Structures are given as C-alpha cells and as structure tokens.
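Numbering starts at 1 and runs along the sequence shown. The structure presented is a predicted model; accordingly, all values stated were derived computationally and were not measured. In listed order, ligands and their atoms are each counted from 1.
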Amino acid sequence: MVTAAVDSGSMHEHVVVRRGGRSGLPIIVAVHSTALGQAIGGCRLAHYPHWRDGLTDALRLSAAMSDKCALAGLPNGGGKTVVALPPGRTPDGSTRRAILHDVGDVIAGLAGAYATGPDVGTGPDDMLTIADRTPYAFCRPVDAGGSGDSSAHTAAGVLAALRALCAERFGSADLSARSFAVLGLGRVGGHVLRMLAGAGATLVAGDVDDTRRPLADAAGATWVSPPDCLTAEVDVLVPAALGGLLTAESVPTLRCTAIAGPANNQLDALATADLLHQRGILWAPDIVVSAGGIIHATAVELHGETSEQAAVRVRGIADTLTDVLRTARATGSTPATAARLRARQRIRNGHR
Ligand code: PHE
C-alpha cells in the first residue's frame with residue numbers, strides 16, 4: 001500500500017492507493033477532511049486512461065465533498081473512492097464483487113474516518129457488497145437496513161435548487177414557464193427529467209447512451225446529441241452527467257441563461273466561473289445543488305430521522321442556494337466564490 005498526503009488546494013488528510021488483492025485494480029480512497037466529522041463521499045467505478053487520472057479525479061471530488069457537506073450543514077467532511085477501470089466492459093458478477101470487497105477492505109483500514117456511498121457507476125446493491133467488509137457504507141437497500149437509493153433525493157434537491165434559481169434569475173419559481181436542457185439521463189438525471197416534466201417544463205434532453213432515449217420520449221423531451229444539449233437555447237442547462245463540461249472552450253458556445261444540475265465538478269477550473277459571470281449566465285454551484293443524496297442518507301442513517309423529515313432538509317437546499325446567489329450579487333463576486341467562502345467559513349468555525 002502507498003499512503004501519501006497529496007496537495008490539491010488544501011492538503012488532503014489521507015490518501016490510499018492500493019492494488020486490490022482480489023481484483024488487481026487500483027483502489028483509490030481520498031479522505032480530504034475530517035475537520036467537521038467523518039468524511040463521506042461516494043464510490044465511483046469509472047474508466048480512466050490511466051489510474052493516475054483516477055487519482056486526480058478522487059482528489060478533486062473529495063475536496064469538493066468537504067465543501068458540499070459544509071454547505072449542507074452536515075457534521076461531516078469530504079472523501080471519495082475511485083476504482084479506475086481499464087478500458088472495456090463494466091465489470092459484473094464475481095469480478096464486480098471482488099472489486100467491491102477490495103474497496104471494503106481499504107475503507108475498513110481507515111477505521112471509521114471515512115464512509116462511502118453510491119456514485120457514478122455504483123448503487124445500493126454495491127453498497128451491500130462493500131458492507132460485507134466494512135460497516136461504513138451508506139445507502140444499502142432499505143430491506144437490508146440502509147436508506148436505499150439516494151438518486152431520487154438528489155433529484156429532489158436539484159428541483160428545489162432549480163426553483164430557487166428561477167426565482168432569482170427570472171423572478172418566478174414556476175418551472176412550467178421555463179425551458180430546460182438536461183444533459184445526462186443516468187439515475188439522477190432521469191429522475192430530474194421526469195420531475196421537470198411533471199412540473200410542466202419545456203424539455204430538451206441528451207445522453208451519450210442512445211438506449212436512454214425512451215426516457216426522453218416518455219417525458220415529452222426533445223432528444224438531441226450531448227453537444228447539442230450543452231448548447232441548446234433554453235432558460236436553464238442542467239448538467240447531470242460527468243463533470244468538467246464548463247470550460248474556456250465550451251462557455252462561449254452556451255445559449256442558456258442559467259445553469260444548475262447535479263453533476264459534480266462542473267467547472268474545469270474556478271476561473272471558468274468568471275467567464276460564465278461575464279457572459280451573464282447565472283451558475284448555481286454544484287456543491288450546493290447536488291447535496292440531496294448525502295443530506296437524506298445522513299439524516300436517516302446517522303441521525304435517525306424519518307424520510308419525511310429528511311425530505312424537508314433536502315428542500316432546504318433552495319434556501320442555501322438563494323443565500324449564496326444573493327451574497328454573490330451583493331458582493332459582486334461569482335456564486336462559485338460565494339459558495340466556497342461560505343463553506344470554508346463553516347469548516348473553520350465548526351473546527352473551532
Ligand atoms: N454520490 C454522492 C455525492 O456525490 C455520494 C453519497 C451519497 C455519499 C449518499 C453518501 C450518501 O454526494
């Protein structure tokens with residue numbers, strides 16, 4: 001095992017990179033901060049050109065989780081697990097089990113400093129498999145004692161955020177008056193699309209995976225390619241796939257007025273927030289918008305709340321976002337900067 005402290009903005013507390021004993025694959029667990037409490041963050045199974053790219057991703061994603069937890073008012077810090085899959089098929093069956101048991105062993109070695117949850121490429125059943133090796137796995141299926149699939153709760157938080165964003169940007173929280181482009185129809189994106197359709201919104205949708213087109217059809221959304229979805233002429237772009245889509249190259253091509261979605265790390269760099277600001281595009285920070293899953297899971301599993309009580313907390317994302325957007329406007333900064341400052345302040349205060 002290589003255990004290293006790595007710098008990525010503020011320095012991570014603990015980073016483990018281990019070749020899984022069963023799977024032979026790189027298992028990466030990055031614990032960014034436990035200043036506010038146990039670090040939490042999902043387990044991502046994704047293809048990377050090289051495991052070092054997976055490490056870079058884990059470092060960035062775990063740091064963002066610290067801010068996400070702080071902004072959500074949780075007594076938790078940020079972490080993330082990345083399993084860097086080689087090109088090819090997504091593992092299933094016994095191969096998948098071996099990977100998840102390797103993940104569970106690394107987490108067990110952290111003795112409670114970090115707990116995982118579902119993320120891109122994993123779900124509740126995977127959490128149950130990880131739980132064979134460590135108790136620190138959120139969102140196991142409900143019949144196995146967990147809080148279950150978090151994607152609908154993440155989506156509920158996104159809807160709350162979209163209402164708050166529309167109220168700030170267009171003067172009304174009524175979603176039926178607005179058009180949205182949902183980019184990515186995975187677990188969370190699919191829910192968001194359905195909920196927007198239910199609210200009477202005008203919709204465009206796209207995904208790299210063509211088999212998801214029926215989801216768009218069922219929601220009455222116009223199906224377009226991912227590049228066309230990104231640059232669609234709509235009121236609000238909803239990034240719901242992988243991060244890094246807002247860049248110096250892509251921002252000039254956007255034709256939306258505002259952006260809010262559940263994808264993690266949407267900006268390739270903080271400077272891109274300034275480019276959005278200059279173009280008059282209001283960006284709702286992903287670290288605020290995407291917190292519904294962790295808010296629900298921790299409320300139910302750590303604090304013994306009912307799902308209804310947790311749902312009220314998830315809707316609180318609207319107030320947090322409104323606060324961040326108003327602070328940004330009042331101080332002449334970007335929402336990205338306002339959100340970060342607020343998170344760092346909370347981490348400092350909580351730590352003291
Ligand atoms: N994928 C979730 C996120 O990025 C991770 C998570 C969900 C962790 C639920 C714990 C519980 O916020």
Quiz item: Between His101 and Ser23, does any side-chain donor sit less than 3.5 Å from a side-chain acceptor?
Solution: no

Quiz item: Which atoms of ligand 1 have any heavy atom of Gly293 under 4.0 Å away?
Solution: 9 (C)

Quiz prompt | atom 12 (O) of ligand 1 [closest protein heavy-atom partner, distance rounded to 0.1 Å] | solution = Lys68 NZ, 2.8 Å

Self-check item: Winner among Ala137, Gly157, Cys139 once heavy atoms are compared against atom 9 (C) of ligand 1
Solution: Cys139

Practice problem: Could you tell me whether the side chains of Ser250 and Thr253 share a donor-acceptor contact shorter than 3.5 Å? | Solution: no

Quiz prompt | Heteroatom proximity flag, Ser150 to ligand 1, N/O under 3.5 Å | solution = no

Quiz item: Does the side chain of Glu168 come under 3.5 Å of the side chain of Thr322 through a donor N or O and an acceptor N or O?
Solution: no

Quiz item: Would Ile317 and Leu71 count as a side-chain contact (heavy atoms from CB on, under 4.5 Å) if you check the C-alpha gap in whole Å, the side-chain angles of each, and the deciding distance to 0.1 Å?
Solution: CA-CA 9 Å; Ile317 285 175; Leu71 285 161; over 6 Å; no

Quiz item: Relative to the heavy atoms of Asn264, which atoms of ligand 1 are at a distance of less than 4.0 Å?
Solution: 4 (O)

Quiz item: Considering only heavy atoms of Lys80, which atoms of ligand 1 have at least one such atom less than 4.0 Å away?
Solution: 4 (O)

Quiz prompt | His296 near ligand 1 by a heavy-atom separation under 4.0 Å | solution = no

Quiz item: Does a donor on one side chain sit under 3.5 Å from an acceptor on the other, for Thr56 and Tyr48?
Solution: no

Practice problem: Closest by any non-hydrogen atom to atom 6 (C) of ligand 1: pick that one out of Thr81, Thr116, Asp286, Ile294. | Solution: Ile294

Quiz item: Asp174 and Ser172: side-chain donor and acceptor closer than 3.5 Å?
Solution: no

Self-check item: Residues Ser66, His32; criterion side-chain hydrogen bond (donor to acceptor under 3.5 Å, both in side chains); working and verdict
Solution: CA-CA 7 Å; Ser66 292; His32 177 255; 2.6 Å; yes

Quiz item: What residue and heavy atom of the protein are closest to atom 2 (C) of ligand 1, and at what distance?
Solution: Pro118 O, 3.6 Å

